[in-house]
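Notes to accompany the following structure.
Order of appearance sets the numbers: ligands from 1, and atoms from 1 within every ligand. Throughout, numbering of the chain's residues begins at 1 and tracks the sequence.
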Amino acid sequence: MQNLLQLAQAQTAAALANGALQPIATESCWLEDREQRFLVRMLSGWTRKHPQGKPHGPKPNPFQPYDPRLFVADAGDRHLWLLNKFPVIDQHLLLITRTYEPQTQWLTLADFEAIAVGLQAIDGFAFFNGGPLAGASQPHKHLQLVPLPLDRDCCQPLPLSDRWQASLAGNPSALPFQHAIAALPNLLEPSPQQAGVLLFEVYRQLWQQLQIDMNGDRPPAYNLLLTRQWLLIVPRSRESHLQINVNALGFAGALLVRDQLQLQQLQDLGPLQLLQSVGC
Ligand code: AMP
């Protein structure tokens, strides 16, 4: 599916026009911590709303049914591509399962085959927030894909690319929290099915490295980060620190704060310390 990005762009234009897409306005800046730059986005005009009481009853599932105005493309029998309704990043795609599967389950071979198609089409950053503790806001299984580079003002694909490369090169202390990373062979040559098998096998090996048995009924909370070059897993201990939520994007070097106060707190703490606090 070579035209996934073009389909996403066309659907973005249409969904902006019809109001289905509601981008979140942010201002961005860079914070430096121990010679590492982090991209920090701050919500524009965030104000604390008065508590209004939660609506009663179960939370509706936004992916079943999904809004057809956000549909981008089919992704085989089990998945489809959808625009993220509230994007901070342009062309932010969600890869959702057609029928409900829990976000807290192990990823499957079918998930990796579907995401492999996306990565073959788009030189992007795929990620997965494994459970609420890892930053997932929706319980229906969804992987995510954004084009690279994450920010035009950054000379690397991801702000933390060099650190992850250093870890790959045998210096795990470049990132001061538990993680397992593996380099990938060329993902563009094999068929999507073969690429999926390869990714699934690496996923298994990374869990083995972390000494976690995939025969257990569900994984611990974790973030998965995936590019055409590497796949990595970061186990999580907490969803947030100082009320700053962290998801997989945080481990790529992109953080989101809601206001100036949080930005100051993040600066005082240091982004690497934040990652350490929410990692293991
Ligand atoms: P996460 O918060 O990482 O679990 O990712 C779920 C994403 O789904 C969030 O980034 C939301 O912006 C997005 N989202 C929420 N509601 C909808 C919806 N109705 N359609 C499409 N995307 C949605």
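- In terms of polar-atom proximity, H142 is counted as a contact of ligand 1, with an N or O under 3.5 Å from an N or O of the ligand.
- Annotation for ligand 1: atoms under 4.0 Å from non-hydrogen atoms of P62 are 16 (N), 17 (C), 18 (C), 19 (N).
- Of all atoms in ligand 1, listed by their number and element, those nearer than 4.0 Å to a heavy atom of A136 are 4 (O).
- Residues F251 and F127 keep their aromatic ring centres 6.0 Å or farther apart.
- For atom 2 (O) of ligand 1, the closest heavy atom belonging to the protein is S137 OG, 2.5 Å.
- Near F63, with a cut-off below 4.0 Å to any heavy atom, the atoms of ligand 1 are 8 (O), 21 (C), 22 (N), 23 (C).
- No side-chain heavy atom of P159 sits under 4.5 Å from any side-chain heavy atom of R37.
- Heavy-atom separations between L94 and ligand 1 include at least one value shorter than 4.0 Å.
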Trace of the side chain to side chain donor-acceptor pair (under 3.5 Å) decision for H140 with Q103 = CA-CA 5 Å; H140 181 131; Q103 183 78 356; over 6 Å; no
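- Closest of all the heavy-atom pairs between Q262 and L242 is NE2-O, 3.9 Å.
- Using cut-offs of 30° and 60° for the angle between ring planes, the W230 and W164 rings count as tilted.
- Under 3.5 Å, the side chains of T12 and Q91 contain a donor-acceptor pair of N or O atoms.
- Protein heavy atom in closest approach to atom 22 (N) of ligand 1: K85 N, 3.1 Å.
- Judged by the shortest distance from any of its heavy atoms, H92 lies outside the 4.0 Å radius around the atoms of ligand 1.
- Aromatic rings from Y222 and W106 are positioned such that their centres are separated by 6.0 Å or more.
- Atom 7 (C) of ligand 1 has as its closest protein heavy atom N84 ND2, 4.0 Å.
- Atom numbering of ligand 1 starts at 1 in the shown order; those under 4.0 Å from a heavy atom of L70 are 20 (N), 21 (C).
- Under 4.0 angstrom from ligand 1, there are no non-hydrogen atoms of Q103.
- In this structure, the side chain of R78 does not engage the main chain of R98 through any donor-acceptor pair within 3.5 Å.
- The nearest non-hydrogen atom to atom 3 (O) of ligand 1, considering only L83, N247, D67, N129, comes from N129.
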